[in-house]
Novice: 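My structure is below; once you've seen it, I'll send some questions.
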Protein chains: 2
Amino acid sequence: MPHDAALCATQQPCEICPIRYRAVCAHCEGDELAELEGMKFYRRYEAGQVVVWAGDRMDFVASVIAGMAGLTQQLEDGRTQMVGLLLPSDFLGRPGREVAAYTVTATSDLMLCCFRRKPFEKLLIENPRIASRLLEMTLDELDAARDWLLLLGRKSAREKIASLLVILARRAAALVKRRPEGRIVIELPLTREAMADYLGLTLETVSRQMSTLKREGVIELDGKRRVIVPSFVRLVTESGDDSDGGPLS
Amino acid sequence: MPHDAALCATQQPCEICPIRYRAVCAHCEGDELAELEGMKFYRRYEAGQVVVWAGDRMDFVASVIAGMAGLTQQLEDGRTQMVGLLLPSDFLGRPGREVAAYTVTATSDLMLCCFRRKPFEKLLIENPRIASRLLEMTLDELDAARDWLLLLGRKSAREKIASLLVILARRAAALVKRRPEGRIVIELPLTREAMADYLGLTLETVSRQMSTLKREGVIELDGKRRVIVPSFVRLVTESGDDSDGGPLS
DNA sequence: CCAGGACCTTGACCCAAATCAAATGCCCCA
DNA sequence: TGGGGCATTTGATTTGGGTCAAGGTCCTGG
């Protein structure tokens, strides 16, 4: 069956696809996934709830269906850095690793489509197509991590905030509404503290920079968690990287 | 044939293994790799030489045989961040990507074992074992990138320096000599500027922190590029993370 | 053996972001 | 309707690391 973009792009969870419910679905991949029935289950978490603690045994891997989660790492003295951002269609867990290396926390209400580890690993071996899809996704994640390294290592606080908004606007189509005249509305699925942990800043600095961007008209705030972007191009400029790749630019 | 740890761990390049000459070799993987003959070639680069520029076409992928290279990303105004560190056995290039996303520079003299892209990709499809090895390596790289995010986001300059030395000591067995009484000697394959680009610092700060660590007896310097670590445990303490995983700890 | 240049160190000063400390707003539930 | 608790904002102050500037060291090639 041919790829059905409309069906794949829907916000409804695909009931069959094991990995990426939006870009790959039963309608695209065919019957090879039918065997997955019976090895998967859904779980929901509330904002702030911990999915797994680093060091805990994790007997499943999962695909994010809705909401957002963060992978988090800590130094002994409590300094915290987010090291992974999971949005719908992202994959959680690592084949072959039974013990979680990072703490996973729902930063907003979260819905996961989970697969029991053992049968999933068996599936990977038997089904090179899924394995290769997983490799591709991992490579994309690595690229994202590398952009993040540049952000953490070399960008100013203001550029970091702008970059985060750009990332959310580009990746989280579900969070974004386009308004007439090109205005964009972003529902922030993170607290200021989670933003700070993502950006390697303190929450006070995040708050101050949000205020500054607002004062200068780069963004508007409607409540604390809704950001309106009058000019996306302007926001991208503020983010420091000129890459015009990706949607919305 | 069973895994031969001694043979795999040798510093000699494995003439057959396409991906990781130390951990996987013809002796472990068997004949499935024989078909690789004829699709591979070696290249050497001098310290400072650029392997590929971001945006350039790259018609091969490669395995690092000796030396060290850095992947580097830049903002328009020239701020530079290293986003990948390639040591012997690391893999360079991404299947399916013909245009390099990052600039690759040899930070020391470098030897690559290269594979022409097309036949390599064909091989990946036909040989799930190699594909799965590549997935595993990519996941390891992602883990390393995540530790790096923590380093850039939350560590002090001093901790960053100590962390880099720990990483080099753990990963680059080829660079490290153990002396009696547990002393370790590290040959730094990077300039101070490359260290700064890795750590998200300026070269002046790197130099200052090296001097401080020396003054306090955490390290000794023999010339500019040879670091002697009297107590590795002490160095790990200075690095901020208490993880005692990995060799040498 | 000396000159030039690349690489590194050190000093003085400055500034962006952290830290410490108070408000303020907001939501939920009694 | 009001109060408790959390998230957020804002202010005052400090500080780690950046910036600018001046040497120093070592290697190489003439």
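We use all heavy atoms of the structure for the numbers below, so side chains are in, but hydrogens, waters and symmetry mates are not. Order of the sequence lines sets the chain letters (A, B, ...), proteins ahead of strands, with each chain counted from 1.
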Novice: Under 4.0 Å between a Lys/Arg side-chain N and an Asp/Glu carboxylate O for A:E238 and A:R234?
Specialist: yes

Novice: Identify whether any heavy atom of A:L203 sits under 4.0 Å from a base atom; if not, whether one sits that close to sugar-phosphate; answer base, sugar-phosphate or nothing.
Specialist: base

Novice: Please report the interatomic distance CD(A:Q73) to CD(A:Q81), rounded to the nearest 0.5 Å.
Specialist: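 If I round to the nearest 0.5 Å, the distance is 8.5 Å.
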
Novice: Does the side-chain contact (heavy atoms from CB on, under 4.5 Å) test come out yes or no for B:L168 and B:M195, once each step is laid out?
Specialist: CA-CA 11 Å; B:L168 289 177; B:M195 291 174 69; over 6 Å; no

Novice: When all nucleic acid strands are considered with a 4.0 Å heavy-atom cut-off, which category describes A:S207: base, sugar-phosphate, or nothing?
Specialist: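 Touches a base.
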
Novice: At under 4.0 Å between heavy atoms, what does A:R225 touch on the DNA or RNA strands: base, sugar-phosphate, or nothing?
Specialist: sugar-phosphate

Novice: Should B:T72 and B:V83 count as side-chain neighbours, where that means a heavy-atom distance under 4.5 Å?
Specialist: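 A side-chain contact is absent here, since even the closest heavy-atom pair is not under 4.5 Å.
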
Novice: Please compare A:S156 and A:K224 by the position of their nearest nucleotide in DNA chain C and report the one closer to 5'.
Specialist: A:S156

Novice: Could you check whether any side-chain N or O of A:S239 sits under 3.5 Å from a backbone N or O of A:A162, counting only pairs where one atom can act as donor and the other as acceptor?
Specialist: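 Answer holds: no.
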
Novice: Over all strands shown, is A:T202 touching base, sugar-phosphate only, or nothing at heavy-atom distances under 4.0 angstrom?
Specialist: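 Base: the residue A:T202, judged by heavy atoms under 4.0 Å, touches a nucleobase.
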
Novice: Mind checking which nucleotides bracket the chain A contacts on DNA chain C, 5' to 3', with an atom under 4.0 Å from a heavy atom?
Specialist: C:dA17 to C:dC26

Novice: Would you mind checking if B:D241 and A:R79 are paired as a salt bridge, meaning a charged N to carboxylate O distance below 4.0 Å?
Specialist: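 No, A:R79 and B:D241 are not salt-bridged.
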
Novice: What range of DNA chain D does chain A touch, first nucleotide to last, counting atoms under 4.0 Å from its heavy atoms?
Specialist: D:dT8 to D:dA12

Novice: How would you label the contact of A:G48 with the nucleic acid (heavy atoms, under 4.0 Å): base, sugar-phosphate, or nothing?
Specialist: nothing

Novice: Taking A:K155 first and then A:D147, would you say they form a salt bridge - that is, a charged N and a carboxylate O separated by under 4.0 Å?
Specialist: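 Salt bridge flag = no for A:D147 with A:K155.
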
Novice: Just call it for B:S211: base, sugar-phosphate, or nothing, with non-hydrogen atoms closer than 4.0 Å on any strand.
Specialist: sugar-phosphate

